[in-house]
Protein chains: 2
Amino acid sequence: MFQPCQNGLVVTKAKRAQRRTDALSKERIIETAIEILDAEGESALTFRALAARLTTGSGAIYWHVANKDDLLAAAASDVIARVVTDVSDGTEPREAVRRIALGVYDAIEAHPWVGTQLSREPWQFAVLRIFEAVGRQLQALGVPEPAQFDCASALVNYVLGLAGHRAAAARLLAPDTDRTAFLTAAAARWAQLDPGQYPFMRQVAVQLPGHDDREQFLAGIDLILSGIGEKLR
Amino acid sequence: MFQPCQNGLVVTKAKRAQRRTDALSKERIIETAIEILDAEGESALTFRALAARLTTGSGAIYWHVANKDDLLAAAASDVIARVVTDVSDGTEPREAVRRIALGVYDAIEAHPWVGTQLSREPWQFAVLRIFEAVGRQLQALGVPEPAQFDCASALVNYVLGLAGHRAAAARLLAPDTDRTAFLTAAAARWAQLDPGQYPFMRQVAVQLPGHDDREQFLAGIDLILSGIGEKLR
DNA sequence: CTGCCGAATGGAACGCCGTTCCAGTCTAAG
DNA sequence: CTTAGACTGGAACGGCGTTCCATTCGGCAG
């Protein structure tokens with residue numbers, strides 16, 4: 001009695017597996033979307049381009065994905081999940097926070113569109129993942145419970161702020177432009193600001209070439225961690 | 001010899017002033033754009049809607065404004081300028097930083113679209129203004145010069161991160177929705193997360209109703225300021 | 001084996017967008 | 001008066017997200 005059934009199942013599975021290679025699925029759609037976003041940038045991701053690459057019609061995609069926001073949120077969550085989960089436990093909490101933050105930073109440097117997406121929807125899954133990872137380390141650090149929410153919020157919002165900023169910069173910078181040249185140009189523009197109105201920017205301008213974004217990012221994290229440390233006394 | 005010239009200028013000015021009442025100008029366009037953004041939200045600002053309200057064609061607007069990005073940047077810069085400049089000098093630097101930050105926060109609460117805009121373009125004028133205002137206070141606080149850039153960056157990026165977040169939340173929240181109801185709903189969603197994977201979010205969920213965003217924002221500023229204080233020892 | 005039903009597909013069509021184009025108007029200067 | 005050039009406004013273009021719908025196809029009831 002079960003033989004045909006099992007056979008049927010096997011055949012089904014085989015056929016599905018066979019079909020899978022070119023069948024649509026949410027995963028395959030997201031995967032392809034990430035490919036397009038990484039290779040050609042945010043503006044290149046359209047349902048038409050996606051459909052073309054998947055050799056289907058734009059309408060078919062809507063069977064698996066609610067809309068473009070849904071697609072982008074899922075893609076971002078995918079990328080962030082890879083980064084946040086592989087924080088090795090057992091490391092000292094402050095160091096773990098640094099690793100989480102740097103993981104997110106590097107992910108955005110590699111996929112700038114993620115930075116845009118993270119500050120697009122307020123409590124999307126990708127942000128929740130980061131919040132959870134950071135919060136858990138704060139618990140391990142011994143931050144009193146009422147302050148944990150505030151501290152996690154400070155860290156996460158700082159990360160998201162820089163994320164958006166880096167993403168915007170990447171959008172602006174043509175992929176072949178020289179970074180140093182760009183910084184020098186920005187510095188030159190700042191140096192021309194009205195000295196009376198913008199003394200600070202003019203002073204910063206001279207530091208701008210030879211400036212390392214990643215180091216500054218980490219310096220910010222350490223600054224906040226140091227502020228959190230004050231709460232522990 | 002100068003009389004006619006002056007006369008000419010006067011006549012011109014008078015005529016211009018006369019025409020101004022219904023003539024197009026960059027200022028009037030920006031002003032109207034802000035009205036639309038505030039009243040109907042980011043998605044309502046289109047060149048057609050703007051042209052209709054100005055009783056002109058969309059093409060005419062492009063004579064005064066390069067494109068939509070230019071328009072949005074100018075509008076945001078307008079709003080931020082009002083906030084950042086009226087920080088009364090003479091106040092203690094930390095308090096001044098708090099006031100600047102709260103000014104930006106309140107501006108975004110009142111005009112959520114500004115939050116979106118601030119994290120859209122990397123070194124736009126509005127951000128420069130904030131950076132300058134914050135940086136100057138850090139100088140007054142006695143932060144050593146090499147650290148000033150990092151400290152200002154930390155503060156500004158935190159503000160921008162929260163700005164984007166609040167803007168996204170405002171976009172999501174229908175203008176008539178109850179805030180408490182929304183928070184309760186979010187808390188309920190978080191409480192349903194997998195306890196093994198999201199212990200921190202579930203713990204935070206119970207604190208979520210009765211949570212004050214503005215207070216949390218200020219707590220984050222104080223956290224960073226406290227971290228900066230460490231540098232002064 | 002056959003007929004059927006619902007999941008899945010893909011391409012056409014809709015309405016709206018930012019932007020461009022251009023024929024026209026009005027005005028200050030020669 | 002003529003004319004150049006600042007300025008206007010509406011039509012048109014190409015592309016977008018999304019919807020609609022005729023069609024296909026695999027698994028199951030009879």
Side-chain angles (χ1 to χ4, degrees), chain A residues 1 4-29 32-33 36-37 40-75 117 120-121, chain B residues 1 4-29 32-33 36-37 40-75 117 120-121:
Chain A
M1 253 316 214
C5 183
Q6 275 213 349
N7 240 334
L9 274 174
V10 167
V11 167
T12 304
K13 271 192 178 173
K15 280 200 177 174
R16 275 213 188 143
Q18 188 193 337
R19 281 207 105 219
R20 270 272 165 85
T21 49
D22 64 343
L24 279 180
S25 69
K26 183 155 185 176
E27 295 138 38
R28 212 162 75 86
I29 291 173
T32 310
I36 294 178
L37 287 164
E40 304 168 61
E42 308 173 33
S43 63
L45 183 69
T46 68
F47 273 77
R48 282 170 237 270
L50 196 52
R53 201 185 263 240
L54 291 164
T55 57
T56 178
S58 42
I61 297 173
Y62 279 86
W63 186 261
H64 303 274
V65 156
N67 51 40
K68 196 172 182 180
D69 283 351
D70 183 29
L71 177 60
L72 281 168
Q117 177 53 29
R120 198 203 223 354
E121 224 176 305
Chain B
M1 255 314 209
C5 184
Q6 277 215 347
N7 241 334
L9 273 174
V10 167
V11 167
T12 304
K13 271 191 177 173
K15 281 203 173 171
R16 277 217 187 136
Q18 188 192 338
R19 284 207 102 216
R20 271 274 165 81
T21 48
D22 64 344
L24 279 180
S25 69
K26 183 155 184 176
E27 296 138 39
R28 211 164 73 88
I29 291 172
T32 311
I36 295 179
L37 286 164
E40 303 168 61
E42 307 172 32
S43 62
L45 182 68
T46 68
F47 274 77
R48 282 168 235 270
L50 195 51
R53 202 186 264 236
L54 291 163
T55 56
T56 180
S58 42
I61 297 173
Y62 279 86
W63 187 261
H64 302 273
V65 156
N67 51 41
K68 196 172 181 180
D69 283 352
D70 183 30
L71 177 60
L72 281 169
Q117 177 53 29
R120 198 205 232 348
E121 225 176 307

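Labels below follow one simple rule: chain letters A, B, ... track the order of the sequence lines, proteins then strands, and each chain is numbered from 1. None of these values were measured; they are calculated from a predicted model.
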Just the rounded figure in Å: distance from [atom2] of [N] to [atom1] of [X].
{"X": "K68(A)", "N": "dC16(C)", "atom1": "NZ", "atom2": "P", "result": "19 Å"}
{"X": "D69(A)", "N": "dC16(D)", "atom1": "CG", "atom2": "C1'", "result": "14 Å"}
{"X": "F47(A)", "N": "dT19(D)", "atom1": "CZ", "atom2": "C1'", "result": "12 Å"}
{"X": "L24(A)", "N": "dT9(C)", "atom1": "CG", "atom2": "P", "result": "4 Å"}
{"X": "L50(B)", "N": "dG9(D)", "atom1": "CG", "atom2": "P", "result": "13 Å"}
{"X": "R53(A)", "N": "dG10(C)", "atom1": "CZ", "atom2": "P", "result": "17 Å"}

Tell me whether the OP1 or OP2 atom of dT9(C) has a side-chain N or O from W63(A) closer than 4.0 Å.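 It does not, given that no N or O in the side chain of W63(A) lies less than 4.0 Å from OP1 or OP2 of dT9(C).
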Below 4.0 Å: OP1/OP2 of dT9(C) and any side-chain N or O of H64(A): yes
5' priority, DNA chain D, between A66(A) and S43(A) [closest heavy atom]: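 Going by which nucleotide is closer to the 5' end, it is S43(A).
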4.5 Å side-chain heavy-atom contact, L71(B) and L50(B):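 Contact flag for L71(B)/L50(B) side chains = yes.
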Report yes if some heavy atom in the side chain of D69(A) is under 4.5 Å from a heavy atom in the side chain of R120(A); otherwise report no. yes
Closest non-hydrogen atom pair between [X] and [Y], with its separation:
{"X": "G57(A)", "Y": "A51(A)", "result": "C-CB, 3.6 Å"}
{"X": "K68(B)", "Y": "L45(B)", "result": "NZ-O, 2.7 Å"}
{"X": "A60(A)", "Y": "T56(A)", "result": "CB-OG1, 3.4 Å"}

Tabulate atom names and distances for all N/O pairs under 3.5 angstrom spanning the protein and nucleotides 11-13 of chain C.
unit_1: dG11(C); atom_1: O6; unit_2: G59(A); atom_2: N; d: 3.4

If you count every heavy atom of other residues, nucleotides or ligands that lies below 6.0 Å from E27(A) atom CD, does the total exceed 12? no
Assuming nearest nucleotide by heavy-atom distance, tell me which of Y62(B) and I61(A) is located more 5' along DNA chain C. I61(A)
Nearest 0.5 angstrom please: Y62(B) OH to D70(B) CG, how far?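 Between Y62(B) OH and D70(B) CG, I get 10.5 Å after rounding to 0.5 Å.
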So what does L45(A) hit on the nucleic acid, given a heavy-atom distance under 4.0 Å: a base, only sugar-phosphate, or nothing?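 Result for L45(A) = sugar-phosphate.
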Heavy atoms from C-beta onward define the side chain here; which of dT9(C), dT8(D), dT19(C) lies closest to that of N67(B)?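 The answer is dT19(C), which lies nearest to the side chain.
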